[in-house]
Amino acid sequence: MRERFWEVAGSQLGNVLGIKKKKEIKEDEDDFREDGEYDYKKAAQFASSMAKKNEAVSEFAKTKSIKEQREYLPVYSVRDDLMRVISDNRVVICVGETGSGKTT
C-alpha cells in the first residue's frame with residue numbers, strides 16, 4: 001500500500017491535535033499500474049459509468065418518444081428562429097435555464 005504522507009492522523013502532530021487514525025481502506029490490486037503506483041485516473045473513467053443501461057424513471061419519459069419529449073421543451077417553439085441564427089453566425093452562445101433544451 002502506498003504511504004500517505006499527507007495524513008496527520010497517527011503522527012506526533014496528529015496525536016497532539018487529537019486526530020484519530022481512520023481504518024485503512026483496502027485498495028484493489030487492479031487499481032495499481034505495472035510500476036506499483038496507484039492509478040488515480042482509473043476510478044474517474046467515464047466509460048465504466050456508461051456501461052449501466054439507463055432506463056426512464058418518470059412516467060412521461062416512459063410513455064413518450066424522444067421526439068415527443070423534445071417537442072415539450074421551451075426552446076422547441078423557437079426552433080426555426082434558432083436554426084436561422086445558428087446558420088447566419090459563426091458563434092452562437094445559448095443561455096437558458098436547466099431543462100430548457102439548450103443541448104437538444
Side-chain angles (χ1 to χ4, degrees):
M1 178 180 265
R2 185 175 183 177
E3 181 183 349
R4 297 179 179 169
F5 59 88
W6 58 86
E7 291 185 357
V8 180
S11 67
Q12 290 181 352
L13 178 60
N15 294 339
V16 169
L17 295 173
I19 300 173
K20 302 209 185 273
K21 195 168 187 175
K22 296 178 183 175
K23 293 181 182 177
E24 292 286 327
I25 299 171
K26 186 174 181 185
E27 297 168 338
D28 293 335
E29 294 291 327
D30 298 337
D31 293 341
F32 288 91
R33 298 188 308 234
E34 291 176 8
D35 60 359
E37 290 293 313
Y38 185 73
D39 188 4
Y40 292 99
K41 291 183 181 180
K42 187 170 185 168
Q45 291 179 342
F46 183 70
S48 61
S49 65
M50 295 301 294
K52 301 176 201 167
K53 183 171 171 67
N54 291 335
E55 295 182 15
V57 292
S58 68
E59 193 61 37
F60 179 81
K62 289 178 182 177
T63 58
K64 305 284 185 199
S65 69
I66 292 179
K67 182 178 184 278
E68 292 171 325
Q69 291 176 37
R70 286 182 178 167
E71 291 171 358
Y72 279 92
L73 294 171
V75 75
Y76 193 80
S77 62
V78 293
R79 183 177 187 271
D80 295 330
D81 296 333
L82 181 60
M83 295 302 284
R84 192 175 322 102
V85 169
I86 291 171
S87 67
D88 292 345
N89 297 285
R90 294 181 77 195
V91 177
V92 177
I93 299 173
C94 292
V95 178
E97 293 185 24
T98 302
S100 64
K102 298 178 298 291
T103 305
T104 302

With side chain to side chain contact (heavy atoms under 4.5 Å, CB included) as the criterion, how do V75 and R79 come out once you've worked through the C-alpha distance, each side chain's angles and the decisive distance to 0.1 Å?
CA-CA 6 Å; V75 75; R79 183 177 187 271; over 6 Å; no
Atom of [X], atom of [Y] and distance for their closest heavy-atom approach:
X   : Y   : value
L82 : C94 : CD1-SG, 4.2 Å
K64 : Q69 : O-NE2, 3.1 Å
G99 : P74 : O-CD, 3.9 Å
V85 : V92 : O-CG2, 3.9 Å

E68 CD: over 12 foreign heavy atoms closer than 6.0 Å
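Check passes, neighbour count above 12.
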Partner set under ring pair (Phe, Tyr, Trp, His ring centres under 6.0 Å) for F60, not counting sequence neighbours:
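Scan of F60 (ring pair (Phe, Tyr, Trp, His ring centres under 6.0 Å), adjacent residues dropped) gives Y72.
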